[in-house]
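Heads up: the structure comes next, in C-alpha cells.
Protein chains get the first letters and strands the later ones, always in sequence-line order, with residue 1 at the start of each.
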2 protein chains.
Amino acid sequence: MSVQTLTLGQLKNDWAAIQEDALNDYLTFLRFKSISTDLKYKEETIRCARWLQDYVKQIGFETELWETPGYPVIFASHNGAGPSKPTLLIYNHYDVQPADPLSEWDSPPFEPIMRDGEVFARGAQDNKGQCFYVLQALKALLKHNPAFPINIKLCIEGEEEIGSPQLAALLKEKDKQKKLKADYLAIVDTGLPDKETPAITLGVRGIVTMEVRVQGSSADLHSGSHGGLVYNPLHALVEMLAKLRDKEGKITIPGFYEDVLEMTQKEKSQIAFDFDEKKYEAMFGVKSHGGEKALAPLERAWNRPTLEINGIAGGYGGIGFKTVIPSKAIAKISCRLVPDQDPHKIGNLVAKYLKEIAPKEVAVEVEIFNGVGKAIRANPFSKVVKAFSMAYEELFQKPCKNIFEGASIPIVTELAEVSQSEVILLGFGLPDDQIHAPNEHFGVDRLEKGFLVLSLAIQNLGNLN
Amino acid sequence: MSVQTLTLGQLKNDWAAIQEDALNDYLTFLRFKSISTDLKYKEETIRCARWLQDYVKQIGFETELWETPGYPVIFASHNGAGPSKPTLLIYNHYDVQPADPLSEWDSPPFEPIMRDGEVFARGAQDNKGQCFYVLQALKALLKHNPAFPINIKLCIEGEEEIGSPQLAALLKEKDKQKKLKADYLAIVDTGLPDKETPAITLGVRGIVTMEVRVQGSSADLHSGSHGGLVYNPLHALVEMLAKLRDKEGKITIPGFYEDVLEMTQKEKSQIAFDFDEKKYEAMFGVKSHGGEKALAPLERAWNRPTLEINGIAGGYGGIGFKTVIPSKAIAKISCRLVPDQDPHKIGNLVAKYLKEIAPKEVAVEVEIFNGVGKAIRANPFSKVVKAFSMAYEELFQKPCKNIFEGASIPIVTELAEVSQSEVILLGFGLPDDQIHAPNEHFGVDRLEKGFLVLSLAIQNLGNLN
C-alpha cells in the first residue's frame, strides 16, 4: 500500500480546514469535570471516558474500554501499516487535577473560555489539550491515507493525577502486555522551555506522596482554657515539618539521598541546563531560590530529589478568628525522585523519621498514598528521538534541545518496560500554563504546532524504518 | 418599699414552676446563628439581638439597643431599688463562635436537642446558657417584688467572640460611661472546676490574635516542575512557627515575658491551684503536658502567657492529593496574656519577630486583629465576692473556691474601669462543655443552679449594704 507523505505546507492547510471543528470538540472535552482524586466526580469522569472512546472510534480506530475498579483506560489501535512497519504507542490521560482554590479562577474552571488565543479551563493543557492535538493529527493522517505510515496504538488513562494505580494493575496482566507491545512509546504530557524553543524531554522525576496526621485531644479545645495545658497538634506538626530540611535546603531524612544515581558529566553535556532567572521571576513573581542552595536551578528541578509540603490543614483557617486548639492537624507531603530512588523506600524513610521526631505528647500516623512512580532517563540516541527531533526542527527551523522535566508521570517506567519500547516524552506545555493551579490555559497556536509535529514525526518514523 | 427575701426553698419551687417555659425560650435563643466573626450571619445576629432586647423588656426592664457599625449592644436597667441601694451591672453576650468543623457535630449546631439532661447546640453554654439563667433569676425576683433588692443593669453585647471591638468603642462615649456606672460588675461567662465544686473566678487572661500571611509565587505552582526551584511558603511558615517555642515550651520571642507581673506567694495561697491529671486525661483524651515544662498545669493555664497556633491553611488539605506548591500560606496565632502584659505591645513583638526570622525568599505580613484584651485579677475581699461566695456556699453546702480562668473576656478590664465597679467573674461552665468546639452543651441542672445562685447573690447584695 503506497503512503502519501504530506508536506508541512499541506498539513498547515489541513489544520486551517479543521481548526474550528477541532476547537469545538476540545471545548466539549474540557467541560467534563474528570477530577480523578475526588469521588464526587466519579460519574462525570466515566462519562468523559465514554465520550473520548467514541471520539477515537470515529477517527477510525478499533477501541477497547478497559474497565477497572477505578476509572477505565481507553485502548485503541490501528494496524493498517502492517507487520513490516513499526508500532508507536502514544500515551495521554483524560483526568485532571482538582480546581481548588475556586475563588482564584477568573472564569469557572469547567466552562472553558478563550482570551487572546488561549483557552482557560482545568485540563486545558494537562492533559486534554495535549491529548487533543494528537487525535487531530491522527484524524488528518487517516483522511489522506487509508492507513498510517506506521501502526499506531493509543493508551489514554483516567488516573494519571492520582498516580495511575489502575493502569499499573492492568500492566501486570498478560493480555494487556501483549496488546500494548510497541517499538516506540511517546508520552505526550510535557512541554517546551519557551514558545520559541523546540525540545524533547529525556527524563521525568519519580514521585511518592503521603499524608501526616497528628492527633492531640479527643475534641477541639478552647485555646484560653487549655492553652498552656495541652500540646497543640499544630505546634507538633510545624516542629516536625521544620526539621525535614536544613539551612542549605537539603533533606535531613537519614538515607534520603542514598540511592541517587548521579549523572556523568557526559550525560549532563547532552542536556540543556541553561536557565533564565529573570524570565522565571517575571513569569512566577518569585526567584528560583528554593531547594538545595549549592546547586544550579535546573539541576535542582530535574536532577535532584525534593520534599515539598503540598498542604497543611488544622484548626480554623477561614475568615476572622477562632480561638481553638484543634484536636488534629494534617500535612500532605510529596517527594520527587531521581534514578535510582525507590518510591516505596523513600516513603517509608520519611514516615519513619516523622514518627521518630514527633513530640511524644501527640499521636502521629503517616499514610503513604498509592500511585507512586519511579524516575526515568531516556536514551537520547533512539530512532523515536530522531524522528521527533526532525519534526520539531522542520517546524521551528532551529535545533531541538534535550531537556528534562521535574514533574512526574508515574506510569512511564512501567509502560516503557511492558510495551518493550524506546520511550520519548514530549508536549507543548509552557512553564506559565498554570497547570495544577487556578487559571490553567493552553494556546490554540500550540494545538496547531502539536498537530504538525505529531503528523510529521509519525511520517518520519515510517520513513526512517 | 419592703422587699421580700426569698429562701432557697422558695426559689427552687419557683424554678420548678417556670422551667418548661424557660427551656422553650432558651431553645429559641439557641436557634439564632449569631456568629459574629462571619458576616454571612449578619442579619440573623441582628435578629437575635432584637429578640433578646424584647425578652429583657418583657421581664420589666427599660431597654436600649445601642447601635454600632457592628452588632448592637443591649443595655437594660431597673432602678426600682432607689439611690440608697447599690447597683449591680451584669455582663453577658449573645454572639457565638463559628460551628466548624460541621462534620464533627452529632446534631446540627443550631438545632438544639436534649440528651441526658444536656442541651447540645453552639452557644448552649458560651454564653447563651449563662445569659439565660441570669434573665430567669431576674424575672423570678421581679415576680415576687415590684423592684429588686438592689438596682440592676444589664450589658449584653454581640461581639465578645471577636474581642468586643464595638463595645470597646462605646465605652469611650461619656453618656455610655454614665449609664454603665455601677458598684459591682458580674461577668457571667466562666465556670466551675467540676459539677460539685462551687467557685468564683478572680482573674482571666488577656488576649491578642493575629494572622500571618506568607506569600511566595504569584500563583500556585506544580510541585514537580517547580519543586527545587521556589521556596515553598508552607516550608517558610512551618520553619518560622517552629521557632516560636523552645524545647522547654517557653516562648522565644524577645521581650515576650518582660512585663509579666508574678503573683506573690500570698496571692497564690488564695487560689485553688490543685489539678487532677487523671480526670483531665479522661475528659480530653490527652495529658496536660503542653506549655512550659517547668511549671504546674494550672500555673501554666492561669498565670502564664501562651502563644498558640489556632489554624494553618495553605495548599491542598482536602481528600486525596494535589501536587501543588501554594503561592501563599497563612497561620492564625493567639497569645493569652497575664498582668501587666499589653496586648498591642505583645502583638507587635510577635509580628516583628516573625518578620525577622522569615526566609528572605518569601514575603511575610502579619495582621493584628482588633479585639485585644488585657488580663485582670480581681480583689478577693470585695463585697460582691462575698455576696456570691455566700450564695454558692448556701446552694452547694461547701466552701466556695477562688479560681482563675485561662480564657479571655477582652472587654472585662475596660468595663470594670468605665463602670467604676468591683468586678467578679462567675458562671456554670464545666471543662467538658466543648465550648468553641463541636457538640457544645450545657446542662438543665446548671440552668437551675445558675438561676438559684444569681437570685441568692442579688438578695445578699441587698442585705450586705
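Looking at B/Ser217, the atoms closer than 4.5 Å to chain A (heavy atoms on both sides) sit in the backbone and in the side chain alike. For B/Glu281, no part sits under 4.5 Å from any heavy atom of chain A, backbone or side chain. Heavy atoms of B/Ile162 lying under 4.5 Å from chain A are absent altogether. For B/Pro98, the parts lying near chain A are the backbone and the side chain together; criterion is any non-hydrogen pair under 4.5 Å. For A/Ser288, the parts lying under 4.5 angstrom from a heavy atom of chain B are both the backbone and the side chain. Contacts between A/Lys247 and chain B at a heavy-atom distance below 4.5 Å are absent for every atom of the residue. Of the atoms belonging to B/Gln97, it is side-chain heavy atoms, and not backbone ones, that fall under 4.5 Å from chain A. Only the side chain of B/Glu405 comes within less than 4.5 Å of a heavy atom of chain A; its backbone N, CA, C and O stay farther away. Only the backbone of B/Pro431 comes within contact range of chain A, with at least one heavy atom under 4.5 Å from a heavy atom of that chain. Heavy-atom distances place both the backbone and the side chain of A/Phe284 under 4.5 Å from chain B. Heavy atoms closer than 4.5 Å to chain A are found nowhere in B/Lys40, neither backbone nor side chain. Both the backbone and the side chain of A/Glu308 come within less than 4.5 Å of a heavy atom in chain B. Looking at A/Glu361, the atoms closer than 4.5 Å to chain B (heavy atoms on both sides) sit in the backbone and in the side chain alike. Using a 4.5 Å cut-off between heavy atoms, B/Ile333 touches chain A through its backbone atoms (N, CA, C, O) alone. Both the backbone and the side chain of A/Pro297 come within contact range of chain B, judged by heavy atoms closer than 4.5 Å. Neither the backbone nor the side chain of B/Phe404 comes within less than 4.5 Å of any heavy atom in chain A. At a 4.5 Å heavy-atom cutoff, the contact between A/Leu307 and chain B is made by backbone and side-chain atoms alike. Contact annotation for B/Met240: neither backbone nor side-chain heavy atoms come within less than 4.5 Å of a heavy atom of chain A. Looking at B/Arg304, neither its backbone nor its side chain comes within 4.5 Å of chain A, counting heavy atoms on both sides.
Counting only distance, with no hydrogens or angles, the side chain of A/Lys332 and the backbone of B/Val324 share no donor-acceptor pair below 3.5 Å. No donor-acceptor distance shorter than 3.5 angstrom exists from the side chain of A/Asn310 to the backbone of B/Thr323, with no hydrogens or angles considered. A donor-acceptor distance shorter than 3.5 angstrom exists from the side chain of A/Lys322 to the backbone of B/Asp100, with no hydrogens or angles considered. Without hydrogens or angle criteria, B/His222 side chain to A/Ala407 main chain gives no donor-acceptor distance under 3.5 Å.
Chosen from A/Gly290, A/Ser334, A/Gly315, A/Gly320, the residue pairing most often with chain B at heavy-atom distances under 4.5 Å is A/Gly290. Among A/Ser225, A/Gly191, A/Ala301, the residue making the largest number of heavy-atom pairs under 4.5 Å with chain B is A/Ser225. For the set A/Leu229, A/Asp220, A/Val286, the entry with the most heavy-atom pairs within less than 4.5 Å of chain B is A/Leu229. Put simply, of B/Glu161, B/Arg300, B/His235, B/Glu104, the one with the most heavy-atom pairs under 4.5 Å next to chain A is B/His235. For chain A, the option among B/Tyr231, B/Tyr280, B/Phe275 with the highest count of heavy-atom pairs below 4.5 Å is B/Tyr280. Note: B/Ile325 leads B/Val204, B/Ile325, B/Asp38 in heavy-atom pairs under 4.5 Å with chain A. When each of A/Leu298, A/Thr209, A/Leu221 is scored by its heavy-atom pairs under 4.5 Å with chain B, the top score falls to A/Thr209. Considering only heavy-atom pairs separated by less than 4.5 Å from chain A, the leading option among B/Lys287, B/Arg336, B/Gln434 is B/Arg336.
In B/Asp432, the CG atom is crowded: over 12 heavy atoms of neighbouring residues, nucleotides or ligands sit closer than 6.0 Å. Dense packing is recorded around CG of B/Leu102, with more than 12 heavy atoms of other residues, nucleotides or ligands lying under 6.0 Å away.
A/Lys243 and B/Glu239 are not joined by a salt bridge, as no carboxylate oxygen comes within less than 4.0 angstrom of a charged side-chain nitrogen.
Once rounded to the nearest 0.5 Å, the distance linking CE of A/Met283 with OG of B/Ser218 reads 10.5 Å. For the atom pair B/Ile309 CD1 and A/Leu237 CG, the distance stands at 8.5 Å (nearest 0.5 Å). With rounding to the nearest 0.5 angstrom, the CZ atom of A/Arg245 is 6.5 Å from the CG atom of B/Asn232.
Aromatic ring centres of B/Tyr316 and A/His436 lie farther apart than the 6.0 Å criterion allows.
The aromatic rings of B/Phe321 and A/Phe369 lie perpendicular to each other, with more than 60° between the two planes, well past the 30° mark.
Judged as a side chain to side chain donor-acceptor pair (under 3.5 Å), and not counting sequence neighbours, A/Tyr71 has no contacts.
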